[in-house]
Amino acid sequence: MGILKLQPIYKDYIWGGNRLVKEYGKNYNGDILAESWELSCHKDGMSTIINDEYCGMSLQEYIDKNGREVLGKNCKRFKDFPVLIKLIDAKDNLSIQVHPNNEYALKNEGQYGKTEMWYIVDAKEGAFLYYGFKEEISKEEFAKRIEEDTLLEVLNKVPVHKGDVLFIEAGTIHAIGKDILIAEIQQNSNVTYRVYDYGRVGADGKKRELHIDKAIDVTNRTPIAKNNNAYPHIAECDYFTVDKIYLDGKTISKIEGNVSEYSFVSILFLDGQGTVLCGNDTFSYKKGDSFFLPASSGKYEINGTCEALVTTIGEKKDCVKIGIDIGGTSVKIGLVDKENNIFATTTVDTDNKVSPNEMIKRISDKTLDLLSQEKISVSQCSGVGVGIPGTIDKKNGTVIYSNNLEWENVDFVREFEKNIPLTINIANDADCAALGEVVAGAGKGCNNLIMITLGTGVGGGVIIDGKLYEGRMVGGCEIGHIVVVEDGKQCTCGRKGCLEAYASATALKRNAKEVFGKDMTPLDVFNLYHSKDERAIKLVDDYISKLGTGIVDLVNIFRPEKILIGGGISAQKDVLLKPLKEKMQKECFGGNRGEIPEIAIATLGNNAGMIGAANL
């Protein structure tokens, strides 16, 4: 895919100097250049591309144009671009500050919190920074020292030198001291709570805003050990992995790397000069240059002399998936581990009387409550999957129509992201149930499978080559609306003779009332069947025959390895399976001379939808 050279965004905060202009050649005309945002897709300032056909385009526009595949598979868990990389020139002391964690920032600021790392590019003799507390202090003492202007007395003062690395986890009180030049790699966030600012005033002549109450809420008041490395990397966390490259031009003058399908590569040159090659592209570099190599770009090579930081996004360890199954009466929310076990659940009542946006907010709030209850941070989660009854546009994240929920043209993903900015995927609830059975239930190990759910309606999903089959149009497969009796009974979809009009629980209840003259449940019908009632036997036999016709049609079209039956009526497996298998052997194309798929009952029950949604 080639190499993208980036033009940074400049920030002129009052504590900055001019080293980035004088020593790093930054094209900036002001007197103060505090920060140079070298790799940024943040709304407060975006890097632009200065080479190739994309010249003048912001990095975010490039991603939007070419798809998130350019970021790599490990970035799928992030809703937005995951990192922000800066050069910082502190001529004066920065404010004493703290960054919130994701949970606090999401609830109070509507964006992620911030974990970051600092690489000391240069520091004058005697330079220092503040990093946590000397000793643990109480919340009350913390507040009192801020009020009495004695906070600096209890902060941990750390001397720094060129090449030092500090990892600043969210909640760590900190401040860069004067006469330090830093490369900062951080979460893509600009949330900072100032605690103390030396009484300085801004350009408007007023003292800069402090955020004392919020800072007290989020600050870790216990001492933090200085961490100089994260061997074999200089820094590694769920948000970024940073490596250092050093070429002296003599002993080592060339280094090779690989840009895999899993992550983009960012290279920030802190010193030296030479060339960087990738694919058919070759660029010269100098001190201060920043390059972006899209995922799957393949091998790259750096020649010359350099000190550089290489940033990638690693695979998330021990991640948690969130699966949500929205039903007509309740919403089931589950936390799913990497083995596809649900280890925590909660529910929220479905309320058709409130607006869809209000219902979505209730679901997302309840999800955050469950995470908090289980002491799991949003950063531990790889994404959210949601199964929704009705016609779903997965690509655009919208619910086109859901009769059960009384929703029409609901922008579900956009609304849900307002509370939980993870990657959100939605699909039809029956499709999710099918996927759940494939990854963790009766269909585990099958690459090609059809699941039919027999409930209020007839739904289901088709799995081909291990993935949900949806076709080209929105809405997925509507198994319940294949015709099994031409010009037959009226279906809710408007057609006549659909499988749903004969094989749903609703259809069975309707037919029973016609035969027995009273309201009956499917269980009532099957109880009479077992007691040898002739009318019930005829009713059930006809039900199984119509269901079998639909199954035969599906087998002839898709030729799956297995058919699964789910939904409430699947509890009657002893009645259903034998005659259905006989009908398949008799009527499927090729019969016993071909391969007749196995037919079985789904095993996950109500958990199938949550597990399947979590795996979208």
Inset, instruction - Would you check if V386 and V384 make a side-chain contact, meaning some heavy-atom pair closer than 4.5 Å? - result: yes

Legend entry - Side-chain ion pair, K5 and D289, N-O less than 4.0 Å: yes

Inset, instruction - Could you pull out all residues at least two apart from R221 that satisfy salt bridge (charged side-chain N to carboxylate O under 4.0 Å, His left out)? - result: none

Inset, instruction - Would you please name every residue forming a salt bridge (charged side-chain N to carboxylate O under 4.0 Å, His left out) with E135, sequence neighbours left out? - result: none

Inset, instruction - Answer yes if the ring centres of Y198 and Y196 are under 6.0 angstrom apart, and no otherwise. - result: yes

Inset, instruction - Return yes if some donor-acceptor pair links the side-chain N/O of R145 with the main-chain N/O of T150 below 3.5 Å, else return no. - result: yes

Legend entry - Check ion pair E69-K76 (N to O, under 4.0 angstrom): no

Legend entry - Distance in Å, S95 OG paired with Y13 OH, rounded so as to fall on 0.5 Å steps: 11.0 Å

Legend entry - Min side-chain heavy-atom separation T398-V413 under 4.5 Å: no

Legend entry - Aromatic ring pairing F292/F81, orientation class (parallel under 30°, perpendicular over 60°, tilted between): tilted

Legend entry - Note: D337-K321 ion pair, threshold 4.0 Å (strictly below): no

Inset, instruction - Mark yes or no for whether Y285, through its side chain, and G272, through its backbone, hold a donor-acceptor pair below 3.5 Å. - result: no

Inset, instruction - Assign the ring pair Y54 / Y62 to parallel, tilted or perpendicular, where the plane angle (0 to 90°) is split at 30° and 60°. - result: perpendicular

Inset, instruction - Evaluate the side chain to side chain contact (heavy atoms under 4.5 Å, CB included) criterion for residues K214 and R194: first the C-alpha distance (whole Å), next the side-chain angles of each, then the deciding distance (0.1 Å), finally the verdict. - result: CA-CA 9 Å; K214 289 181 176 179; R194 290 195 200 99; over 6 Å; no

Legend entry - Distance in Å, T347 OG1 paired with D349 CG, rounded so as to fall on 0.5 Å steps: 6.5 Å

Inset, instruction - Any chance you could measure L293, atom CG, to I3, atom CD1, to the nearest 0.5 Å? - result: 5.0 Å

Legend entry - Check: T172 side chain, I168 main-chain N or O, donor-acceptor pair, under 3.5 Å: no

Inset, instruction - Using modelled atom types only, decide if a donor and an acceptor are shared between the side chain of Q187 and the backbone of T115 within a distance under 3.5 Å. - result: yes

Inset, instruction - Say whether, by atom type as modelled, one donor and one acceptor occur between the side chain of D122 and the main chain of L181 under 3.5 angstrom. - result: no

Legend entry - Among R208, K207, K206, the one residue meeting salt bridge (charged side-chain N to carboxylate O under 4.0 Å, His left out) with D197: R208

Inset, instruction - Among residues two or more places apart or on two chains, list those pairs meeting ring-ring contact (aromatic ring centres under 6.0 Å, His included) that have a residue in residues 135-155. - result: F133-F142

Inset, instruction - State which residues pass side chain to side chain contact (heavy atoms under 4.5 Å, CB included) with E184; sequence neighbours excluded, sorted by chain then number. - result: K86, I88, E116, W118, I182, Q186

Legend entry - Pair N258-S260, side-chain donor/acceptor within less than 3.5 Å: no

Which atom pairs, one a donor and one an acceptor, fall under 3.5 Å between side chains of residues 41-50 and the rest of the protein, sequence neighbours left out?
residue : atom : partner : partner atom : Å
H42     : ND1  : D44     : N            : 3.0
D44     : OD2  : N190    : ND2          : 2.8
S47     : OG   : E38     : O            : 3.2
S47     : OG   : S40     : N            : 2.8

Inset, instruction - Return yes if some donor-acceptor pair links the side-chain N/O of N425 with the main-chain N/O of L616 below 3.5 Å, else return no. - result: no

Inset, instruction - Mind telling me whether F291 and F269 have parallel, tilted or perpendicular rings, with 30° and 60° as the class edges? - result: perpendicular

Enumerate, atom names and distances included, each donor-acceptor pair closer than 3.5 Å involving a side-chain atom of residues 359-370, sequence neighbours excluded.
residue : atom : partner : partner atom : Å
K361    : NZ   : D365    : OD2          : 2.8
R362    : NE   : E358    : OE2          : 3.2
R362    : NH1  : D351    : OD2          : 3.4
S364    : OG   : I360    : O            : 3.3
S364    : OG   : K361    : O            : 3.0
S364    : OG   : N419    : ND2          : 3.0
D365    : OD1  : N419    : ND2          : 2.6
T367    : OG1  : I363    : O            : 2.8

Inset, instruction - Output the distance between atom CG (N51) and atom CD (Q7), rounded to the nearest 0.5 Å. - result: 11.5 Å

Inset, instruction - Answer yes or no: is there a donor N or O on one side and an acceptor on the other, between the side chain of K26 and the main chain of G288, under 3.5 Å? - result: yes

Legend entry - Sole candidate of H99, Q97, H211, E109 that passes side-chain hydrogen bond (donor to acceptor under 3.5 Å, both in side chains) when paired with Y193: E109

Legend entry - Charged tip of K91 within 45° of W15 ring normal and under 6.0 Å: no

Legend entry - N102 side-chain N/O to Y112 backbone N/O, donor-acceptor pair under 3.5 Å: no

Legend entry - Residue pair K286 / Y24, side-chain donor-acceptor N/O under 3.5 Å: no

Inset, instruction - Would you give the length of the straight line joining atom CD1 of I96 to atom CD1 of I176, rounded to the nearest 0.5 angstrom? - result: 11.0 Å

Legend entry - Under 3.5 Å: donor-acceptor pair, side chain of N18, backbone of V21: no

Legend entry - Distance-only polar pair, side chains of R77 and T423, donor-acceptor under 3.5 Å: no

Inset, instruction - Could you tell me whether a side-chain N or O of K134 sits under 3.5 Å from a main-chain N or O of E153, the two making a donor and an acceptor? - result: yes

Legend entry - Rounded distance [0.5 Å steps], CD1 in I234 versus OG1 in T241: 10.5 Å

